[in-house]
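Please read these numbers as outputs of a predicted model, since none were measured by experiment. In listed order, ligands and their atoms are each counted from 1.
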Amino acid sequence: MSALAPTTSGLRFASVTKEFPVRGGGTLTALSELDLDVGAGELLTVVGPSGCGKSTLLDMVAGLSTPTSGTIEVHGREIRGPGLDRGIVFQQYALLPWRTAQANVELGLEAKGVPRRRRGAIAREHLDLVGLTGFESRYPHELSGGMKQRVAIARSLAYDPEVLLMDEPFAALDAQTRESLQDELLRIWRATDKTIVFITHGIDEAVYLGQRVVVLTPRPGRIRAVVDADLPAPDGVTDLRSTPEFVALRHRVWEALHAADPADQVPDPAPAGPAAPTRTLEVAHV
Ligand SMILES: Nc1ncnc2c1ncn2[C@@H]1O[C@H](COP(=O)(O)OP(=O)(O)OP(=O)(O)O)[C@@H](O)[C@H]1O
Ligand SMILES: [Mg+2]
């Protein structure tokens with residue numbers, strides 16, 4: 001494990017395996033025997049080929065599905081279902097179209113029973129945190145993709161979860177918006193000290209954001225490498241992505257992703273399983 005291995009645990013995966021039943025019989029192993037500690041307040045990124053189990057991993061942390069074997073703990077408590085101690089941001093914004101930005105952000109606060117006036121104040125504060133002051137009464141269809149994703153981030157942070165789970169949240173955005181949201185996320189993370197697990201296809205994104213980068217093997221996902229990637233905070237001037245440190249880290253992650261390991265190549269279960277995953281590495285360079 002890495003030199004930066006955390007001391008206080010935010011999330012702990014112990015021998016986590018996830019299997020899905022396959023139509024026509026058999027099982028598909030999405031993740032196999034995963035052991036990982038994410039430190040409290042750590043920003044951890046996860047990269048891996050398409051279909052290797054990244055979303056499956058996040059869904060289990062979110063409590064939307066359960067491991068077939070093994071356990072996952074948040075701050076020492078075993079996960080038994082969804083909870084307001086974990087916030088999720090998906091690739092698609094998942095905003096309620098009939099609610100304004102402000103009302104979308106208030107959603108989790110309503111679930112938590114926060115009184116109306118306090119809800120309003122907290123929602124405005126978080127819209128401000130993501131740079132959306134003045135857009136409180138806009139509906140999702142009146143916002144750009146980047147703005148919608150900012151609302152989704154504000155909504156996840158507003159009810160103050162201990163852990164923020166992000167599943168390729170910037171993948172649908174153009175490169176410029178993506179880069180500015182990456183900087184926003186780093187700023188917010190430093191300001192709020194949340195434990196963040198950020199899933200991405202992009203090596204650059206993983207290295208730019210993560211204190212550590214977890215590289216998964218093709219399905220069944222196992223940890224192939226954990227790369228320390230604690231780069232200096234962006235200062236708005238330096239092009240961090242072109243520094244020798246960044247380029248070297250990027251290369252290490254690339255090598256880990258592309259390492260050939262015949263043991264990782266597991267045939268698809270026959271006959272007709274769920275949508276067959278591709279085993280080609282689809283690594284988008286953001
Ligand atoms: N509910 C399900 N039922 C059956 N199989 C599933 C289910 N969810 C995921 N899988 C399978 O588990 C494997 C991992 O899927 P998952 O969505 O976690 O991959 P991923 O790493 O997030 O891929 P991508 O990068 O394309 O988003 C895939 O083979 C997928 O077909
Ligand atoms: Mg996925």
Could you tell me whether any N, O or S atom belonging to Ser55 is less than 2.8 Å from the Mg ion (ligand 2)?
-> yes
Any luck finding a side-chain donor-acceptor pair between Thr200 and Glu168 under 3.5 Å?
-> no
Is the gap between the ring centers of Phe170 and Phe198 under 6.0 Å?
-> yes
Ligand 1 to [X] polar contact by distance, N or O atoms, under 3.5 Å:
X: Gly51; value: yes
X: Gly53; value: yes
X: Cys52; value: yes

If you count the atoms of ligand 1 from 1 in the order shown, which ones are under 4.0 Å from a heavy atom of [X]?
X: Ala30; value: 12 (O), 13 (C)
X: Arg219; value: 13 (C), 29 (O)
X: Glu168; value: 25 (O), 27 (O)

Mode of Leu28 contact toward ligand 1 - side chain, backbone, both, neither (heavy atoms, under 4.0 Å) = side chain
Cation over ring, Arg99 on Tyr139, under 6.0 Å and within 45°?
-> no
Which residues satisfy the salt bridge (Lys or Arg N to Asp or Glu O under 4.0 Å) test with Asp128, sequence neighbours excluded?
-> none
In this structure, CG of Leu129 is separated from CZ of Arg187 (nearest 0.5 Å) by 5.5 Å
Result for salt bridge (Lys or Arg N to Asp or Glu O under 4.0 Å) between Glu184 and one of Arg190, Arg178, Arg150 points to Arg150
